[in-house]
Amino acid sequence: VQLQASGGGLVQAGGSLRISCTASGRTFSTYAMGWFRQAPEKEREFVAGISSTGGRTNYSDSVKGRFTISRDKAKNTVYLQMNSLRPEDSAAYFCAAAPYLTSLSSRYNYWGQGTQVTVSS
């Protein structure tokens with residue numbers, strides 16, 4: 001599975017942004033997908049995950065209620081809708097694929113390149 005993230009950019013605090021991750025390969029629908037982020041000099045952290053069927057999701061406490069993860073199997077794409085953005089949300093965002101829904105980065109087998117999200121105050 002190859003993953004390509006896109007849609008990052010600069011947005012003002014309080015604004016919204018949607019980032020996408022498109023996968024190649026027929027097995028996309030069998031994988032749970034996750035979004036992680038990493039700010040400079042900080043460890044990579046789990047943001048949101050969605051099961052292979054799309055029926056289950058989970059979120060970090062820091063984004064719960066503001067971010068929504070979804071997937072479109074027909075387009076082999078997973079999305080992260082980010083609302084009420086804060087400066088502390090600024091980071092490189094990475095998508096990843098895992099055999100099951102988990103927040104543990106070590107369980108993710110495939111990673112895309114990061115897409116930068118910058119939130120100005």
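Each salt bridge (Lys or Arg N to Asp or Glu O under 4.0 Å) pair with one or both residues in residues 47-61, not counting sequence neighbours, appears once here: Asp61-Lys64. Pairs passing the disulfide (SG to SG under 2.5 Å) check and including a residue from residues 14-121, sequence neighbours excluded, read Cys21-Cys95. Listed by first and then second residue, the side-chain hydrogen bond (donor to acceptor under 3.5 Å, both in side chains) pairs involving residues 13-23 are Ser16-Asn83, Thr22-Thr77 (not counting sequence neighbours). For residues 27-56, no pair satisfies disulfide (SG to SG under 2.5 Å), with sequence neighbours left out. Every pair tested for disulfide (SG to SG under 2.5 Å) that includes a residue from residues 27-80 fails, sequence neighbours excluded, so the list is empty.
For Gln113, the side-chain contact (heavy atoms from CB on, under 4.5 Å) test picks out Gln4, Ala5, with sequence neighbours left out. Residues meeting the salt bridge (Lys or Arg N to Asp or Glu O under 4.0 Å) test with Arg66, sequence neighbours left out: Asp89. Remark: Glu88 pairs with no residue by the salt bridge (Lys or Arg N to Asp or Glu O under 4.0 Å) rule, at least two apart or across chains. When the side-chain contact (heavy atoms from CB on, under 4.5 Å) test is applied to Ser70, the partners found at least two apart in sequence or on another chain are Tyr79. Residues satisfying the side-chain contact (heavy atoms from CB on, under 4.5 Å) test with Ser29, not counting sequence neighbours, are Lys73.
Gln38 CD to Gln116 CD: the interatomic distance, rounded to the nearest 0.5 Å, is 10.5 Å. With rounding to the nearest 0.5 Å, the separation of CZ in Arg86 from OG in Ser121 is 14.0 Å. Rounding to the nearest 0.5 Å places OG of Ser105 at 11.0 Å from CD of Glu45.
Side chains of Thr118 and Ser90 form a contact here, defined as non-hydrogen atoms less than 4.5 Å apart.
Of all the heavy atoms in Asn109 and Pro99, the pair that sits closest is OD1-CD, 3.1 Å. Scanning both residues, Gly8 and Thr115, for their nearest heavy atoms gives N-OG1, 3.0 Å.
Other members of the cluster containing Leu80 are Val1, Leu3, Val11, Leu17, Ile19, Phe28, Tyr31, Met33, Trp35, Val47, Ile50, Tyr59, Val63, Phe67, Ile69, Val78, Met82, Leu85, Tyr93, Tyr110, Val117, Val119, with ILVMFWY side chains joined at under 4.5 Å, either directly or via other members. Grouped with Trp111 in one hydrophobic cluster are Phe36, Phe46, Phe94, Tyr108, the linkage being side-chain heavy-atom contacts under 4.5 Å among Ile, Leu, Val, Met, Phe, Trp and Tyr residues.
Within a 6.0 Å sphere centred on CD of Gln81, heavy atoms belonging to other residues, nucleotides or ligands number more than 12.
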